[in-house]
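A quick write-up on the structure given underneath.
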Amino acid sequence: NAIKSGLANENFIKYASENLLNDRSFIIQAISVNGKIYKFLKNDFKNDIEIINKSIENNPSVYEYLDNKYKSNIEISKKAISLNPYILSFAPDEIRNNKDIVICAVKKYPDSIQYASDNLKNDFEIAKILVMPNENHPYGKPRSIQYLSSSILLNDEMFSKLVEINPKILKIDDLYEVFKNFADQYFLNEDYKRAIEVYQKIIKINPNMPDGLIDAGNAQKKNWKFY
């Protein structure tokens with residue numbers, strides 16, 4: 001009981017005897033109490049699939065300390081991310097680009113889309129999942145669309161469909177900033193025509209936003225210089 005109590009602090013394992021540190025049955029019992037102990041284990045145990053899985057089951061944040069070959073393992077990644085979708089932030093590129101895993105993550109925590117690959121931030125099926133009400137989010141999570149690609153958000157047809165699914169999108173406090181960032185980038189790249197289109201979209205979404213009118217006017221002036 002004293003050992004079990006001590007294991008509540010992962011640093012306890014540093015002071016365990018060599019016999020215990022080499023005892024696989026003890027290690028399995030230890031990680032069942034505190035998965036964080038994994039990061040202090042000897043390499044043989046860090047490469048033990050059963051120990052990896054049990055550590056993740058107890059504390060999915062252990063995924064951060066896995067060797068890349070295990071982070072690239074679909075089953076291990078799926079287990080960790082299903083328990084804590086924000087673990088996706090520690091995943092390698094091939095996992096961030098795994099559509100099944102990303103869908104599993106965003107259904108539970110839509111904001112985890114920010115850690116997905118650029119390819120999946122451009123996936124309209126995933127975009128719809130972000131705003132669609134589900135058992136975890138009865139009203140959807142419209143604010144999470146800020147992490148989607150400009151190809152979706154600036155596409156009138158796609159954006160309209162998202163709004164149709166969840167009209168609360170139009171009430172997002174920082175929706176203006178999301179579109180303004182796109183427009184400003186076009187402006188800085190001297191693509192004034194595209195910038196004007198986005199500023200006009202901002203005005204359409206919120207006609208009472210004076211900055212949108214000013215920015216659109218400035219872009220229009222720049223654009224005229226090229227004609």
Side-chain angles (χ1 to χ4, degrees), residues 60 63 71-72 74 77-189 191 193-209 211-212 215-216:
Y63 183 87
K71 287 183 178 179
S72 297
I74 290 178
S77 296
K78 188 178 291 186
K79 174 177 285 190
I81 292 166
S82 67
L83 291 170
N84 183 350
Y86 289 107
I87 295 299
L88 189 61
S89 64
F90 300 112
D93 291 345
E94 62 266 34
I95 297 299
R96 293 173 188 242
N97 196 43
N98 184 299
K99 188 169 180 176
D100 289 340
I101 289 177
V102 170
I103 285 178
C104 175
V106 300
K107 280 184 175 179
K108 193 167 185 179
Y109 292 116
D111 281 354
S112 61
I113 185 61
Q114 65 187 291
Y115 306 118
S117 67
D118 289 342
N119 178 50
L120 293 182
K121 288 177 182 176
N122 196 33
D123 188 295
F124 190 59
E125 181 185 352
I126 290 177
K128 289 189 290 184
I129 290 172
L130 297 182
V131 300
M132 197 177 294
N134 62 39
E135 58 182 294
N136 295 307
H137 298 277
Y139 302 103
K141 193 75 182 294
R143 190 176 180 278
S144 59
I145 67 167
Q146 66 180 298
Y147 303 113
L148 294 174
S149 72
S150 59
S151 299
I152 288 180
L153 294 182
L154 300 182
N155 181 299
D156 288 340
E157 183 180 355
M158 289 184 179
F159 185 73
S160 295
K161 285 182 179 177
L162 292 179
V163 172
E164 187 179 328
I165 293 170
N166 194 333
K168 291 182 183 293
I169 288 174
L170 298 179
K171 296 182 179 180
I172 300 172
D173 291 338
D174 50 3
L175 184 62
Y176 165 76
E177 289 298 327
V178 173
F179 285 100
K180 188 175 186 303
N181 289 337
F182 291 138
D184 289 351
Q185 193 58 52
Y186 286 126
F187 189 93
L188 291 173
N189 292 336
D191 187 349
K193 184 176 180 181
R194 194 75 175 106
I196 291 168
E197 290 174 359
V198 182
Y199 287 132
Q200 287 175 338
K201 189 178 185 74
I202 293 171
I203 295 167
K204 186 177 179 181
I205 291 172
N206 189 347
N208 299 317
M209 188 64 70
D211 287 350
D215 291 333

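Note that the structure is a prediction, hence the values are computed from the model and not measured.
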According to salt bridge (charged side-chain N to carboxylate O under 4.0 Å, His left out), who are the partners of [X], at least two apart in sequence or on a separate chain?
X: Glu125; result: Lys99
X: Arg194; result: Glu197
X: Asp156; result: Lys201

**OP:** Test ring pair (Phe, Tyr, Trp, His ring centres under 6.0 Å) on Phe124 and Phe159 and set out the steps.
**Re:** CA-CA 10 Å; Phe124 190 59; Phe159 185 73; over 10 Å; no
Please identify each residue that fulfils side chain to side chain donor-acceptor pair (under 3.5 Å) with [X], with sequence neighbours left out.
X: Ser117; value: Asn97
X: Asn181; value: none
X: Ser112; value: none

Original post:
What residue pairs, at least two apart or across chains, pass salt bridge (Lys or Arg N to Asp or Glu O under 4.0 Å) with a residue in residues 103-117?
Top reply: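 Salt bridge (Lys or Arg N to Asp or Glu O under 4.0 Å) check on residues 103-117 returns Asp111-Lys141.
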**OP:** Can you tell me which residue pairs pass the salt bridge (Lys or Arg N to Asp or Glu O under 4.0 Å) test with a partner in residues 87-96, sequence neighbours excluded?
**Re:**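 Passing the test, one end in residues 87-96: no pairs.
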Distance check, rounded to the nearest 0.5 Å: [X] atom [atom1] versus [Y] atom [atom2]?
X: Leu120; Y: Ile113; atom1: CG; atom2: CD1; answer: 6.5 Å
X: Asp123; Y: Asp118; atom1: CG; atom2: CG; answer: 12.5 Å
X: Arg143; Y: Lys168; atom1: CZ; atom2: NZ; answer: 15.5 Å

Original post:
Do you know which two heavy atoms are closest between Asn134 and Asn136, and how far apart they sit?
Top reply: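 So the two residues come closest at OD1-N, 2.8 Å.
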Original post:
Do you know the tightest heavy-atom contact between Ser144 and Leu130?
Top reply: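 That would be OG-CB, 3.5 Å.
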**OP:** Please answer whether the main-chain N or O of Lys121 pairs with a side-chain N or O of Tyr147 as donor and acceptor at a distance below 3.5 Å.
**Re:**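 No, the answer is negative, given that no donor and acceptor are paired below the 3.5 Å cut-off.
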Check whether any side-chain heavy atom of [X] lies under 4.5 Å from a side-chain heavy atom of [Y], and answer yes or no.
X: Ile145; Y: Val178; value: no
X: Ile95; Y: Ile81; value: yes
X: Lys128; Y: Leu162; value: yes

Subject >> Sequence neighbours excluded - side-chain hydrogen bond (donor to acceptor under 3.5 Å, both in side chains) pairs with any residue from residues 78-90 >> reply: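 Residue pairs passing side-chain hydrogen bond (donor to acceptor under 3.5 Å, both in side chains), neighbours aside: Glu57-Lys79.
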**OP:** Return the set of residues passing ring-ring contact (aromatic ring centres under 6.0 Å, His included) with Phe90 (not counting sequence neighbours), or none when no residue passes.
**Re:**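 Phe90 satisfies ring-ring contact (aromatic ring centres under 6.0 Å, His included) with no other residue.
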What side-chain donor-acceptor pairs closer than 3.5 Å can you find for residues 148-155, not counting sequence neighbours?
{"from": "Ser149", "atom 1": "OG", "to": "Asn122", "atom 2": "OD1", "distance (Å)": "2.7"}
{"from": "Ser149", "atom 1": "OG", "to": "Ser151", "atom 2": "N", "distance (Å)": "3.4"}
{"from": "Asn155", "atom 1": "OD1", "to": "Glu157", "atom 2": "N", "distance (Å)": "3.0"}
{"from": "Asn155", "atom 1": "OD1", "to": "Met158", "atom 2": "N", "distance (Å)": "2.9"}

